Each structure stands twice: as C-alpha cells, then as structure tokens.
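Keep in mind that what you see is a predicted model, and the values were worked out from it rather than measured. Computed over heavy atoms, backbone and side chain alike; hydrogens, waters and symmetry mates excluded.
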Amino acid sequence: MIYLMIVAMGLVVFFNRYLFIEPRLPVRLNRGAREFLGFAVPGMLTAICGPIIFLADHQLNLSPTNPYLLAGICAVALMYWTRSVLTTVLLSMALFYLLRWWF
C-alpha cells in the first residue's frame with residue numbers, strides 16, 4: 001500500500017510539472033501568476049528549514065551554540081557573497097558538520 005501511495009504521488013507531481021513544461025500543450029499562465037509562483041520555492045524552503053533551524057525539542061533555540069542556526073546564517077551570507085548554489089551548499093554543509101562536531 002505504501003509503494004502504491006509513493007507511485008501515485010510521484011505521478012501526480014510528474015503530470016503537474018509536465019503540463020507547464022511540454023510546449024505543445026495549450027497551458028499558458030499570465031504574468032501575475034508566473035510572478036506569484038516565483039515565490040513558491042522560497043516559501044516552501046522556509047517552511048521546511050525554519051523549524052529545523054530554530055526549533056530544537058519543540059522549543060525556540062537561538063543560542064550561539066546552535067549549529068543549525070550558525071550554519072544557516074553562514075549559508076545566507078555565502079549565497080549573498082558567492083552567488084553560487086553549489087559552492088554555498090558545499091561550504092555550508094562542511095561548516096555545519098564542523099560545528100556539530102565542535103559543539
């Protein structure tokens with residue numbers, strides 16, 4: 001049953017993406033909808049990463065020994081400075097594991 005659910009969800013996601021990628025299909029979005037969808041990825045990443053970074057054991061953790069918070073701040077700074085996703089991901093992951101080992 002679980003495998004059936006995984007395959008079904010994969011098909012839903014695939015066909016949802018396929019409608020907008022296939023150039024022969026007559027589905028077009030207006031400018032406002034495209035701009036609105038531009039905020040979907042940052043919003044989704046914030047919703048996923050926010051609780052991981054800020055909440056430890058279901059309590060707000062803003063301490064200077066929180067490796068998630070420190071690595072997140074450094075990842076934002078690296079992305080602003082380097083403008084390279086691959087470099088930011090690699091360096092911030094290395095920093096995160098270093099901070100987890102240290103603390």
Side-chain angles (χ1 to χ4, degrees):
M1 183 66 184
I2 292 175
Y3 291 117
L4 180 64
M5 184 66 74
I6 291 171
V7 169
M9 294 300 288
L11 289 173
V12 166
V13 170
F14 172 77
F15 286 116
N16 185 20
R17 303 285 186 221
Y18 182 75
L19 287 174
F20 295 110
I21 293 174
E22 178 59 42
R24 292 177 289 185
L25 293 176
V27 176
R28 300 288 178 251
L29 296 175
N30 63 13
R31 183 174 174 231
R34 283 195 308 262
E35 286 180 12
F36 179 73
L37 288 175
F39 294 105
V41 173
M44 179 190 66
L45 289 175
T46 302
I48 292 170
C49 296
I52 295 170
I53 292 172
F54 296 112
L55 298 176
D57 299 325
H58 302 289
Q59 294 181 351
L60 186 63
N61 184 5
L62 298 176
S63 72
T65 60
N66 182 357
Y68 295 96
L69 181 61
L70 295 174
I73 291 169
C74 289
V76 170
L78 279 170
M79 192 63 202
Y80 183 74
W81 182 53
T82 64
R83 305 272 191 216
S84 168
V85 175
L86 181 61
T87 304
T88 300
V89 168
L90 293 176
L91 289 177
S92 61
M93 281 179 54
L95 178 67
F96 171 72
Y97 285 116
L98 178 70
L99 290 170
R100 280 200 58 185
W101 172 77
W102 187 333
F103 295 129

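Its side chain within the 4.5 Å cluster rule, Leu70 clusters with Leu95, Leu98, Leu99, Trp101, Trp102, Phe103 among the Ile, Leu, Val, Met, Phe, Trp and Tyr residues.
The line from CG of Leu62 to CG of Leu55 is 9.0 Å long, rounded to the nearest 0.5 Å. Interatomic distance, Leu91 CG to Leu86 CG, rounded to the nearest 0.5 Å: 9.0 Å. In this structure, the separation between CD1 on Ile48 and CD1 on Ile53 is 11.5 Å, given to the nearest 0.5 Å.
In the hydrophobic clustering of ILVMFWY residues, with side-chain heavy atoms under 4.5 Å counting as a link, Leu11 and Leu4 come out apart.
Closest non-hydrogen pair, Pro51 versus Ala47, comes out as CD-O, 3.2 Å.
Every pair passing side-chain hydrogen bond (donor to acceptor under 3.5 Å, both in side chains) that includes a residue from residues 35-45 is listed here, sequence neighbours excluded: Arg31-Glu35. Screening residues 50-75 for ring pair (Phe, Tyr, Trp, His ring centres under 6.0 Å), with sequence neighbours left out, gives Tyr68-Phe96.
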Anything under 3.5 Å between a donor and an acceptor, one on a side chain of residues 72-85, the other on a protein residue two or more places apart or in another chain? List them.
from	atom 1	to	atom 2	distance (Å)
Thr82	OG1	Leu78	O	2.7
Thr82	OG1	Ser84	N	3.3
Thr82	OG1	Thr88	OG1	3.3
Ser84	OG	Thr87	N	3.4
Ser84	OG	Thr87	OG1	3.0

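Counting non-hydrogen atoms of neighbouring residues, nucleotides and ligands closer than 6.0 angstrom, the CE atom of Met44 exceeds 12 such neighbours.
Here Phe14 pairs with Tyr18 under the ring-ring contact (aromatic ring centres under 6.0 Å, His included) rule; sequence neighbours left out. Contacts of Ser63 classified as side-chain hydrogen bond (donor to acceptor under 3.5 Å, both in side chains), with partners at least two apart in sequence or in another chain: Asn61, Thr65.
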